[in-house]
Amino acid sequence: ESELIQTNLEDVLKAKGLEDEVQVVTTGCFGFCEKGPIVKILPDNTFYIEVKPEDAEEIIEEHIVKGRQVMRLLYTDPDKKETVSDAKNMGFYKKQIRIALRNCGFINPENIDEYIAREGYGALGTCFEMTPQAVIDVIKESGLRGRGGGGFPTGLKWEFASKNDADQKYVVCNADEGDPGAFMDRSILEGDPHSVLEAMAICGYTMGADLGVIYIRAEYPLAIERLKIAIAQAREYGLLGKDILGSGFNFDVEMRYGAGAFVCGEETALIHSMEGLRGEPTVKPPFPAESGYNGKPTNVNNVETFANVPVIINKGAKWFSAIGTDKSKGTKVFALAGKINNVGLIEVPMGTTLREVIYEIGGGIKDGKKFKAVQTGGPSGGCLTEKHLDTPIDFDNLIAAGSMMGSGGMIVMDEDDCMVSMAKFYLDFTVEESCGKCTPCRVGNKRLYEMLDKITEGKGTKEDLDLLRNLSGVIKDTSLCGLGQTSPNPVLSTLDNFHDEYIAHVENHK
Ligand code: SF4
């Protein structure tokens with residue numbers, strides 16, 4: 001539909017002889033999925049929502065020719081009943097700070113000039129005037145932590161990789177986004193692929209690596225296509241390849257395609273898959289910084305982590321660390337989904353509360369229903385309830401509340417949702433995605449699923465609830481990798497927060 005909107009806009013402009021004065025540009029996602037497709041008119045920033053291909057004539061005739069806004073396509077604030085034409089005055093955007101998503105919705109991701117016009121590749125040039133250690137120090141001081149879910153300090157990770165000497169080192173970008181409901185990385189790659197390429201080159205410069213590899217799931221064809229275009233353009237501009245910007249530093253980027261296995265998001269499994277082996281995790285140490293891809297020092301970062309790097313170099317560590325909470329700096333991108341009015345992709349400063357995310361940015365619960373829970377961290381996370389609504393979101397607070405940040409999926413549930421079924425849904429996913437290498441995860445999760453199934457069928461007993469808890473503990477303690485170590489979290493958090501629902505199910509059993 002959006003392609004048809006673009007074609008129609010171009011056709012109408014041509015018919016009116018305006019094709020040289022007005023440009024129609026495709027950008028990445030604006031984030032406000034609920035109200036898409038979106039057409040934004042510059043320079044006056046008018047934001048038209050839910051545009052249909054047949055609206056093209058009216059938009060050009062009214063807005064461009066006559067200078068009048070098309071009122072029926074403007075956003076109306078549901079509370080104040082006011083019409084808003086500029087996105088920055090909409091509840092959905094007001095509390096957002098877009099750092100990782102800074103260029104999504106602004107530039108044509110297939111045109112490197114537009115990236116360069118917004119300070120693109122300037123950070124790479126700045127880094128060449130610094131020592132590799134000085135660049136690492138900036139990233140360390142910024143407080144940036146891994147956005148893939150682990151929350152490990154990025155600068156420290158880079159430092160480990162830089163200190164290991166080898167004839168060959170690698171930078172790997174983990175774009176194997178696999179949580180149900182999560183599309184943060186996809187959006188960044190589709191909307192701003194150069195930001196990731198630039199950051200990978202910066203990382204390569206700090207650790208002495210001349211090759212970057214993006215491991216991306218094959219189910220992301222648009223992201224793959226845009227990355228391919230971006231890599232070709234960066235090579236053409238001398239921003240990838242030999243002697244970048246006359247610095248003497250060589251760096252190029254290749255891609256590897258994942259077949260959609262969730263476990264390949266774990267860095268050792270990802271590296272095995274890149275090597276053509278089965279995507280199975282192995283015990284750490286050795287960490288990839290010491291022995292990773294092809295047995296060489298490798299730094300693996302997630303897409304969103306990389307997307308933050310050029311801005312930190314451009315604006316400084318202090319600027320970045322002033323945003324967020326004590327131990328979680330900057331912003332976090334979340335994919336807001338489920339029973340919420342404003343489904344979409346958001347980026348908020350760390351420390352924003354769940355209440356602000358759900359009610360102010362998300363516009364509240366669909367159909368005026370009551371909020372029941374929000375699942376953060378996908379199948380590895382837990383559900384947070386009414387009592388957590390005022391918890392500032394950061395890495396540590398979410399863990400303390402019994403969930404986790406994960407990569408950024410946020411699924412909202414209302415009063416009609418059954419929390420036992422929700423836990424069963426995630427377990428079903430985990431059983432499917434377990435690589436099967438270790439018994440607690442391979443067999444234990446299956447048994448957990450069977451118990452949940454029995455309970456939701458009304459055939460469970462109170463003893464089953466104790467068994468659920470005990471088996472969950474064993475799986476967490478004895479599984480080899482993060483997938484198994486966190487897979488019982490949805491069960492445990494629903495047992496803790498919605499025990500009455502489990503009781504109601506087992507009491508149905510006569
Ligand atoms: Fe594989 Fe699960 Fe064991 Fe991880 S915990 S290695 S996914 S079986």
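Because the structure is a prediction, the values reported are computed rather than measured. Note that the numbering runs from 1 along the sequence shown for the chain. Counting starts at 1 for both ligands and their atoms, in listed order.
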Ring-face cation of K296 near Y293 (centre distance under 6.0 Å, axis angle within 45°): no
Atoms of ligand 1, numbered as shown, that sit under 4.0 Å from any heavy atom of P281: 4 (Fe), 6 (S)
Any side-chain heavy-atom pair of L465 and H499 under 4.5 Å: yes
Metal proximity, C441 vs atom 2 (Fe) of ligand 1, N/O/S cut-off 2.8 Å: yes
V263 neighbourhood, listing ligand 1 atoms whose heavy-atom distance to it stays under 4.0 Å: 7 (S)
Contacting atoms of ligand 1, where contact means under 4.0 angstrom from a heavy atom of S434: 2 (Fe), 8 (S)
Subset of ligand 1 atoms that lie under 4.0 Å from at least one heavy atom of G436: 1 (Fe), 8 (S)
Side-chain donor-acceptor pair present, K169, N164, cut-off under 3.5 Å: no
Atom 4 (Fe) of ligand 1: nearest protein contact (heavy atom, Å): C481 SG, 2.3 Å
Metal check, atom 1 (Fe) of ligand 1 vs C435 N/O/S, cut-off below 2.8 Å: yes
CE-OG1 distance between M451 and T456, expressed to the nearest 0.5 angstrom: 12.5 Å
Proximal ligand 1 atoms for G484, defined as those under 4.0 Å from one of its heavy atoms: 5 (S)
Cationic tip of R256 above Y215 ring, under 6.0 Å, 45° of axis: no
Ligand 1 atoms in contact with S479 (distance to a heavy atom under 4.0 Å): 5 (S)
C438 near atom 3 (Fe) of ligand 1: N/O/S under 2.8 Å: yes
Side-chain ion pair, K462 and E507, N-O less than 4.0 Å: yes
Donor-acceptor under 3.5 Å (K437 side chain, P281 main chain): yes
